[in-house]
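Each chain gets a letter, A, B and so on, in the order the sequences are listed, and its residues count up from 1.
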Amino acid sequence: MCLAIPVRVVSIEGDEAEAEIAGVKRRVSIALTPEVQVGNYVLLHTGYAIGVIDEAEAKETLRLFEEIASLSMTT
Amino acid sequence: MKFIDEYQNSELATKLAQRIADRSTKPIRLMEFCGGHTHAIMRYGIRQLVPKTVEMRSGPGCPVCVTATSDLDKAIAIAHLPGVIITTFGDIIRVPGSYSSLQQAKAEGADIRVVYSIMDAVEIAKANPRKSVIFIGIGFETTAPTIAASIIKAKKEEVENFYVLSLLKLTPPVMKTLLDLGEVKLDGIVGPGHVSVIIGSYPYEFIPRNYGVACVISGFEPLDILLCIDKLVEQVESGKPQVEIAYRRGVKPQGNKKALESMNEVFEIDGADWRGIGIVPQSGLKINQKYQHFDADKAFPDLSLRAKRSNLEKEPRGCRCGDILRGVATPLECKLFGKVCTPEKPVGPCMVSSEGACAAYYQYGASYE
Ligand code: SF4
């Protein structure tokens, strides 16, 4: 019910955007994420973008995983 | 980067699980609040990955499951009115009320349509100006702003025949209620990721402060959940519970400002009835006076009274959904589970909804403990 999936915004028109989901394009409302820009990933929930994904934080989390993995290699 | 696959790497998952095992010295009990987490935990076999010292319990985070019988009865009563089209999200139509279900009402001739988004409901209203189109608004803070935004839009576009029956619920108040009840002792809470995209992390501060319970907000991929459990174990082991975000690509401490503004614009806070828990103060969202034209409760007041009077609050016999939603029991403790009650012939809402704990346990049966 609270499912939200990451989709990439390819164009913006007013408070609607076109987003790409696994190669399929669909219209989503960006009324709740006015700051979104073309190329951003948003979390899509029931037709609405509810948040913009922070790519820097996403990379940082992945780096953290790698760090944990390399630490456990040495122990 | 697509923000999905990278967080599903099984090699990294094994390493994270190893780190949790290394850290964890004493038995602890964690509750995942969100039905989406329950589903992911079962699907990826996370219960088997984490050490035996870490016990996971499911919570009340499945909006379909926690919808009260009396509220369903009201929706069903409205569905039977002439000139009405009911629109709603999928799973709810199969949940039994005290004397019927929306699915049964549909079989009896009521016009009930499942929509993917509330925007579709507004479009149905525009296309059917002579009918009253009512959206059954279930969900938590994740969904509430989308409903608020569509009501604001409907007002702007003067869609006169669109109504919402708001059964929206808030998560921090029900967490407080569960902690106050104290039926199940918890050491940590896996915080709901997408609720938190909207509300941020501040509303959970009372959990460590007043109850000494750890709270870490998690994403929904397996590595996200393991990272969350790792942080929870670390907090419990060090005796320093706090609120942390383990889903930083989605959640900011302050949440989504625009979404919160939209909710404040349309709703006011009121008590709400939760299946298995009862009335929880300050845990529901009702449409405020400014937008009362869109409030199905106001537009169909007699009906809500009738639904209340006829409300026998019958729960399906033998069904332990209520206990499961409070984290007191697991689906395996229900005698009907998997025998009388299956996803094809569900007895209670926890088996009806794909996010319900019973459905998740059933679907991923191979990973029972
Ligand atoms: S298995 Fe079925 S009957 Fe038992 S608690 Fe779950 S939904 Fe209710």
Side-chain angles (χ1 to χ4, degrees), chain A residues 1-10 14-24 26-37 39-75, chain B residues 1-4 6-7 9 11-12 15-16 18-19 22 34-36 39 61-64 89 91 115-120 138-143 145-146 148-150 152-153 192-195 197-198 219-220 223-224 227 230 246-252 255-256 258-259 262 353-355:
Chain A
M1 182 69 225
C2 288
L3 180 76
I5 51 165
V7 300
R8 196 169 68 91
V9 171
V10 291
D15 67 359
E16 289 202 345
E18 199 170 47
E20 202 177 66
I21 312 163
V24 182
R26 64 165 298 155
R27 296 208 77 72
V28 306
S29 169
I30 53 165
L32 301 171
T33 53
E35 73 276 25
V36 70
Q37 288 175 5
N40 286 165
Y41 275 80
V42 293
L43 288 164
L44 177 66
H45 170 70
T46 67
Y48 283 83
I50 58 164
V52 180
I53 291 182
D54 185 327
E55 297 206 18
E57 290 286 5
K59 289 201 184 101
E60 177 57 26
T61 304
L62 290 174
R63 198 195 54 75
L64 184 69
F65 290 145
E66 295 295 343
E67 189 183 298
I68 292 168
S70 64
L71 278 179
S72 71
M73 297 266 287
T74 56
T75 53
Chain B
M1 185 130 87
K2 294 217 179 60
F3 308 102
I4 299 175
E6 311 92 296
Y7 300 90
N9 182 316
E11 201 180 314
L12 288 179
K15 298 226 161 102
L16 253 173
Q18 186 53 48
R19 181 158 103 153
D22 291 346
C34 173
H39 192 85
C62 158
V64 169
F89 297 136
D91 286 347
V115 292
Y116 158 72
S117 165
I118 186 170
M119 284 187 282
D120 304 336
I138 54 166
F140 295 129
E141 291 94 331
T142 316
T143 313
T146 73
S150 72
I152 293 169
K153 197 162 182 230
H194 292 141
V195 161
V197 168
I198 306 299
F220 294 84
L223 290 183
D224 292 320
L227 182 67
D230 182 50
Y247 187 32
R248 305 194 78 96
R249 65 186 181 280
V251 177
K252 299 277 164 256
N256 176 336
K258 176 74 187 184
S262 307
S353 171
S354 54
E355 281 193 353

Peer 1: Go through the steps for A:His45 and B:Thr143 under the test side chain to side chain donor-acceptor pair (under 3.5 Å), then give the verdict.
Peer 2: CA-CA 8 Å; A:His45 170 70; B:Thr143 313; 2.9 Å; yes

Peer 1: Report which part of A:Val52 has an atom under 4.5 Å of a heavy atom belonging to chain B: side chain, backbone, both, or neither.
Peer 2: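 The answer is the backbone of A:Val52.
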
Peer 1: Can B:Tyr116 and A:Arg26 be said to form a side-chain contact (heavy atoms from CB on, under 4.5 Å), step by step?
Peer 2: CA-CA 13 Å; B:Tyr116 158 72; A:Arg26 64 165 298 155; 3.2 Å; yes

Peer 1: Are the side chain of B:His194 and the backbone N or O of A:Leu3 linked by a donor-acceptor pair below 3.5 Å?
Peer 2: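 Here the side-chain-to-backbone pair does not exist.
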
Peer 1: Give, as side chain, backbone, both or neither, the part of B:Leu12 having an atom under 4.5 angstrom from any heavy atom of chain A.
Peer 2: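 Answer is side chain: those atoms of B:Leu12 sit under 4.5 Å from chain A.
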
Peer 1: With a 3.5 Å distance limit and no angle check, can you tell me whether A:Thr46 reaches the backbone of B:Ser117 through a side-chain donor-acceptor pair?
Peer 2: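 Checked: no pair found.
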
Peer 1: Please state whether the side chain, the backbone, both or neither of B:Thr146 comes within less than 4.5 Å of a heavy atom of chain A.
Peer 2: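 Contact with chain A involves both backbone and side-chain atoms of B:Thr146.
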
Peer 1: Can you tell which of B:Ala259, B:Gly250, B:Pro63, B:Gly36 has the highest number of heavy-atom pairs within less than 4.5 Å of chain A?
Peer 2: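 The answer is B:Pro63.
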
Peer 1: Quick check on B:Ser150 against chain A: is it the side chain, the backbone, both or neither that has a heavy atom closer than 4.5 Å?
Peer 2: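 For B:Ser150, the contact with chain A is made by backbone and side chain together.
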
Peer 1: Please classify the contact of A:Ile5 with chain B as side chain, backbone, both or neither, using a heavy-atom distance under 4.5 Å.
Peer 2: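 A:Ile5 has no heavy atom closer than 4.5 Å to chain B.
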
Peer 1: Could you report the tightest heavy-atom contact between B:Ala149 and A:Leu32, atom names first, then the distance?
Peer 2: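 Taking B:Ala149 first and A:Leu32 second, the nearest heavy atoms are CB-CD2, 4.1 Å.
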
Peer 1: How long is the gap from OG on A:Ser70 to NZ on B:Lys15, to the nearest 0.5 Å?
Peer 2: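 Separation between the atoms: 8.5 Å.
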
Peer 1: Given that the side chain runs from C-beta out, which part of B:Arg248 has a heavy atom under 4.5 Å from chain A: side chain, backbone, both or neither?
Peer 2: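 Both backbone and side chain.
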
Peer 1: Quick one: what part of B:Ile152 sits under 4.5 Å from any heavy atom of chain A, side chain, backbone, both or neither?
Peer 2: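 For B:Ile152, no heavy atom lies under 4.5 Å from chain A.
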
Peer 1: Is there a side-chain contact (heavy atoms from CB on, under 4.5 Å) between B:Tyr7 and A:Leu62? Walk through the geometry before answering.
Peer 2: CA-CA 8 Å; B:Tyr7 300 90; A:Leu62 290 174; 3.7 Å; yes

Peer 1: Is A:Asp15 salt-bridged to B:Lys153, cutoff N-O under 4.0 Å?
Peer 2: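 No.
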
Peer 1: Tell me, with the steps shown, if B:Lys2 and A:Tyr41 meet side-chain contact (heavy atoms from CB on, under 4.5 Å).
Peer 2: CA-CA 8 Å; B:Lys2 294 217 179 60; A:Tyr41 275 80; 4.1 Å; yes

Peer 1: Sort A:Leu43 into side chain, backbone, both or neither according to what part of it lies under 4.5 angstrom from a heavy atom of chain B.
Peer 2: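 Just the side chain, heavy atoms under 4.5 Å.
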
Peer 1: Report the option among B:Leu16, B:Val115, B:Leu227, B:Val195 that has the most heavy-atom pairs separated by less than 4.5 Å from atoms of chain A.
Peer 2: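 The candidate making the most pairs under 4.5 Å is B:Leu227.
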
Peer 1: Hey, which of B:Glu141, B:Glu11, B:Lys252, B:His39 has the most heavy atom pairs under 4.5 Å with chain A?
Peer 2: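 Top option by heavy-atom pairs under 4.5 Å: B:Lys252.
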
Peer 1: For B:Phe89, which atoms come within 4.5 Å of any heavy atom of chain A: side chain, backbone, both, or neither?
Peer 2: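 Side chain of B:Phe89 only, per the 4.5 Å heavy-atom cut-off to chain A.
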
Peer 1: What part of A:Leu44 gets within 4.5 angstrom of chain B, counting heavy atoms only: side chain, backbone, both, or neither?
Peer 2: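 Only the side chain of A:Leu44 comes within 4.5 Å of chain B.
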
Peer 1: Using a cut-off of under 4.5 Å for heavy-atom pairs, which of A:Thr33, A:Leu64, A:Asp54 has the most such pairs with chain B?
Peer 2: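 Most heavy-atom pairs under 4.5 Å with chain B: A:Asp54.
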
Peer 1: How close do B:Lys258 and A:Pro34 get, counting heavy atoms only, and between which atoms?
Peer 2: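 Taking B:Lys258 first and A:Pro34 second, the nearest heavy atoms are CG-CD, 3.7 Å.
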
Peer 1: Is A:Glu55 close to B:Phe3 at the side-chain level, that is, under 4.5 Å between some pair of heavy atoms?
Peer 2: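 Touching, per the 4.5 Å side-chain cut-off.
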
Peer 1: For the CD1 atom of B:Ile118 and the OG atom of A:Ser29, what is their distance to the nearest 0.5 Å?
Peer 2: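 Atom-to-atom, B:Ile118:CD1 and A:Ser29:OG are 11.5 Å apart.
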
